[in-house]
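Letters A, B, ... are given to chains in the order of the sequence lines, protein chains preceding strands, and every chain is numbered from 1.
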2 protein chains.
Amino acid sequence: MIAACKTSKRKKPTDFRKAADVFKALANPNRLLIVDALGKGEKCVADLTELVGLDISTVSNHLSVLRKVGLLVDERRGTQVFYTLKNACVLKIFCCLDEFHAHLGR
Amino acid sequence: MIAACKTSKRKKPTDFRKAADVFKALANPNRLLIVDALGKGEKCVADLTELVGLDISTVSNHLSVLRKVGLLVDERRGTQVFYTLKNACVLKIFCCLDEFHAHLGR
DNA sequence: ATCATACTTCGAAAGTTTGCCAAATTACAA
DNA sequence: TTGTAATTTGGCAAACTTTCGAAGTATGAT
């Protein structure tokens, strides 16, 4: 039996669906690469495209997946669109994962 | 710019792939329901099948997805197989998500 | 206005996931 | 050993994801 967190309350089916949507958005190595990069500061689509090495349309799609679940915000400045992490929680989740893999020993 | 966690180090492509696999395992409402239930203690497949309301073979598949990424461990006792959370990190991730949704206001 | 740049949206192909059913496996009991 | 209960595995169809290239949109420069 493991202690739950302070903020946790009785969960409804929609809670699991919403949570699953966020995990779905994070369930792709290229999107994780993007999130990790944005953890260091905002980037435009072209920068991220160079980083992940896929077609710009594909990267744009990945960005929209992350934006739709509220992980990112976009801001147009001139012809460029800059993306930023919406909040630090995602990076915390990364930390939990680091711990998890350390615990697993892989 | 957001502070990274203490344990974070330079990430390799395989790190993102492994992390994505864990998120993939969590990217399904029924599997989240299972993880949440197991947070309260071990359960056998039949118990979990009743909980999620899908075919037992489907639940068995979900459990194997979660086991493969190291989130669960199984233990056979007689004819039954009991599943347990491998560690508390997953529940911490849930907490991060709760925070995230609170921050988003949905 | 026209053009170039930066990005998004659409449509299609290939691959993956989810679910059910039926068949196979495992452990125990009679 | 034959049967029965619990779980896993294999096969399949429907739905979803990933990627690309082409076409579309928005902004700023000429």
Taken to the nearest whole Å, CD1/Ile56(B) to P/dT8(D) is 8 Å
Nearest heavy-atom approach of Leu72(B) to Arg67(B) is O-CG, 3.6 Å
Gln80(A) CD to dA29(D) P, in whole Å, measures 12 Å
Counting only side-chain nitrogens and oxygens, does Tyr83(A) get under 4.0 Å of the OP1 or OP2 atom of dT8(C)? yes
Report yes if a side-chain nitrogen or oxygen of Asn28(B) is closer than 4.0 Å to either non-bridging phosphate oxygen (OP1 or OP2) of dT17(C); otherwise report no.
-> no
Expected list for residues 45-55 of chain B near DNA chain D, using heavy atoms below 4.0 Å, is Val45(B), Ala46(B)
Taken to the nearest 0.5 Å, the spacing of Lys68(A) NZ from Leu63(A) CG works out to 11.5 Å
Donor-acceptor pair present, Ser57(A) side chain and dG21(D) base, under 3.5 Å
yes
Closest non-hydrogen atoms of Gln80(B) and Cys44(B), given as atom of the first, atom of the second and distance, are NE2-SG, 3.5 Å
> So what does Asn61(A) hit on the nucleic acid, given a heavy-atom distance under 4.0 Å: a base, only sugar-phosphate, or nothing?
Replying inline: base
Separation of dA6(C) atom C1' from Leu63(A) atom CG, nearest Å, is 13 Å
Rounding to 0.5 Å, atoms CZ (Arg76(A)) and CZ (Phe82(A)) come to a distance of 11.0 Å
Here the distance between atom P of dT26(C) and atom CZ of Phe82(B), to the nearest Å, is 19 Å
In plain terms, say whether Asp21(A) and Lys18(A) are close enough for a salt bridge, that is, a side-chain N and a carboxylate O under 4.0 Å apart.
no
Residues Ala25(B) and Arg31(B): closest non-hydrogen pair is O-NE, 2.6 Å
Closest heavy-atom pair, Gly70(B) versus Lys86(B), reported as atoms and distance to 0.1 Å, is O-CB, 3.2 Å
Open item on the list: With a 4.0 Å cutoff (strictly under), does any side-chain N or O of His62(A) reach OP1 or OP2 of dT17(D)?
Closed with: no
Quick one: is Arg31(A) getting a side-chain N or O under 4.0 Å of the dT17(D) phosphate, OP1 or OP2? no
Next on the checklist: Heavy atoms only, 4.0 Å cut-off, all strands: where does Arg77(B) land among base, sugar-phosphate and nothing?
Outcome noted: nothing
Separation of dC16(D) atom C1' from Lys68(A) atom NZ, nearest Å, is 13 Å
Separation of dT7(D) atom P from Glu75(B) atom CD, nearest Å, is 13 Å
**Request:** Report yes if a side-chain nitrogen or oxygen of Thr79(A) is closer than 4.0 Å to either non-bridging phosphate oxygen (OP1 or OP2) of dT5(C); otherwise report no.
**Result:** no
